[in-house]
Protein chains: 2
Amino acid sequence: MAADELADLAALLADRSRARFLLALMDGKAWTSGELADAAGVAPSTASEHLTRLVHGGLLVERRQGRHRYVQLAGPKQARLLEELLGYLGPTAPAGPTLRASAADQALRRGRTCYDHLAGRLGVAITDAMTARGLLTDELAITDDGLAWLGDELAFTPPGSRRPIARACLDWTERRSHLAGTAGAHVCACLHERDWVRRIGTGRAVRLTPTGATALHDLLGVLPP
Amino acid sequence: MAADELADLAALLADRSRARFLLALMDGKAWTSGELADAAGVAPSTASEHLTRLVHGGLLVERRQGRHRYVQLAGPKQARLLEELLGYLGPTAPAGPTLRASAADQALRRGRTCYDHLAGRLGVAITDAMTARGLLTDELAITDDGLAWLGDELAFTPPGSRRPIARACLDWTERRSHLAGTAGAHVCACLHERDWVRRIGTGRAVRLTPTGATALHDLLGVLPP
DNA sequence: GGATCACTTCGGCGCACGCCGAACCGTCGT
DNA sequence: ACGACGGTTCGGCGTGCGCCGAAGTGATCC
């Protein structure tokens, strides 16, 4: 029965702590069990049990290394699933109660990574600019011009994998689509490599560097937000 | 916290009976509380409680009519959510254990409604034919030719709503995309109206009528499966 | 008006699950 | 070799939830 599988999958997500784990893991990085326990505010033992469930359920993969257990989203398919769920829930309330939380929130809304590509206002701005220049269609499929542009400007060569080159990912703060897929991942990686964007602290939030701001303006006409 | 909302939403789906309800409701029709209780194999009292939860959670809408309580998927957004979840789960095992279940299964795989459009081999065949004729792009976006064709052949005028005209819906038996969105809904309604397809019994399964088979062959070159 | 029917509410049962702290096990630093 | 540390396992507690049957409420049919 397909219903039973659906219920089992949903049960995996139907817990506040596990949901917090998954949201944290949306940055695509590997986290240790202890880090996640802290992030969700539960005891290490509790976190350990949750992680075994998530790994068994196929949502996460783990890598034991010394005395650490690193876990990570199992792949783009799982990331996409979470994106869809978050997209359904829609935009979240804009401000937190404490000043510190609010500042972190603002940073996340300005720009962040979403699994392996850029999201937030920065991600949306880049996507819009690419669409405006005819590099993407309105449905965020890649055009021939876009493919050529990616190759010329960002040294992108499409891999022969099953994963789509360009794909729309619904942003849960902006409620706007932004570029995902291998092209989205490449843009994100490339901007990091050229030091046009930098991680803020250890989280998912990123900020544009001054060189990055001018470079993106020259390249795509993106104006600073 | 967004994680809490995610967990709450997932909890709504994380029950075998409720999942069965939702899958049954994927045909887009309104079901009574009793029908759903039978379909899921639970007592009427149990079904009633589940339905109140699903309605409160926003997944279903209800309409009281005399002594009946009709429930229905709340809208395309909710249907799409379920599609995505089922798409993640992937194709299901092809055969049931009993003969009767297997026959019903075969009928569903051959052709069925998926919320408001056609799915199964029939839905995929129509979509493929439209793509081959340039009416849809490979990503299942509508082309100008497609828009003209829909207007000429099926008297379709695009509504000014926010809902996309054409959209890909991943088929959980065929593991192939087929046409959804307002265009998909129109095709489905139109084929029913012209008696080219007919419901089999009371479920979601549909079959092509002989006139429908020849008509679809003439119109799109679709060959009978 | 009385019987029937669809559905709901309530009480109660049992199970599954989330959580923790304590004990334990490897790994790493010194 | 020792202690500190990250992670896991286990026992136990409380709770939430799915389920049913019995009783109750309206609507419908004759």
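Here the structure is a predicted model, which means the values were calculated and not measured.
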Charged N to carboxylate O below 4.0 Å: is that the case for Glu83(B) and Arg167(B)?
yes

Nearest 0.5 Å, please: how far is CD1 in Ile165(B) from CG in Leu150(B)?
9.0 Å

Spell out, as yes or no, whether a donor-acceptor pair under 3.5 Å connects the side chain of Glu62(A) to the backbone of Arg69(A).
no

Rounded to whole Å, how long is the line connecting atom CD of Glu49(A) with atom C1' of dT9(D)?
8 Å

Fit a plane to each ring of His186(A) and Phe156(A), take the angle between them on a 0 to 90° scale, and name the class: parallel (under 30°), tilted (30 to 60°) or perpendicular (over 60°).
tilted

Atom CH2 of Trp31(A) and atom P of dG6(D) are separated, to the nearest Å, by 16 Å

Can you check whether any acceptor in the base of dG21(D) is under 3.5 Å from a donor in the side chain of Ser45(B), or vice versa?
yes

Look only at the side chain of Arg112(B) and the backbone of Leu108(B), and say whether a donor-acceptor pair between them is shorter than 3.5 Å.
yes

Nearest-neighbour nucleotide for the Asp15(B) side chain, dC19(D), dT8(D), dT28(D) considered:
dC19(D)

Assign each of Arg64(B) and Thr46(A) to its nearest nucleotide of DNA chain C by heavy atoms, then name whichever residue's nucleotide is nearer the 5' end.
Arg64(B)

Separation of atom NE2 in His50(B) from atom P in dG16(D), rounded to whole Å:
18 Å

Give a yes/no answer on whether the side chain of Arg53(B) brings an N or O atom under 4.0 Å of OP1 or OP2 in dG18(D).
yes

Students should find that the end-to-end axis angle of the helix from dG1(C)-dC30(D) to dT30(C)-dA1(D), with five pairs defining each axis and rounding to 10 degrees, is 30°

Separation of dC17(D) atom P from Arg16(B) atom CZ, nearest Å, is 17 Å

By nearest heavy atom, map Arg18(A) and Arg67(A) onto DNA chain C; which one lands nearer the 5' end?
Arg18(A)

Nearest to the side chain of Ser33(A), which nucleotide is it out of dC19(D), dC29(D), dG7(D)?
dG7(D)

Under 4.0 Å from any heavy atom of chain B: name the first and the last nucleotide of DNA chain C that qualifies, 5' to 3'.
dT4(C) to dC10(C)

Which of dT8(D), dC19(D), dG7(D) is nearest the side chain of Val42(B)? It is dC19(D)

Using whole Å, report how far CD of Gln65(B) lies from P of dG26(D).
19 Å

Lys77(B) NZ to Leu59(B) CG distance, which is reported to the nearest 0.5 Å
10.0 Å

Enclosure of Glu193(A) CD (heavy-atom neighbours >12, cutoff 6.0 Å):
no

Looking at side-chain heavy atoms only, is the closest gap between Val55(A) and Val61(A) below 4.5 Å?
no

Distance col, row Asp8(B):CG vs Leu13(B):CG, nearest 0.5 angstrom, shows 11.5 Å

Classify the nucleic acid contact of Thr52(A) as base, sugar-phosphate or nothing, counting any heavy atom under 4.0 Å across all strands shown.
nothing

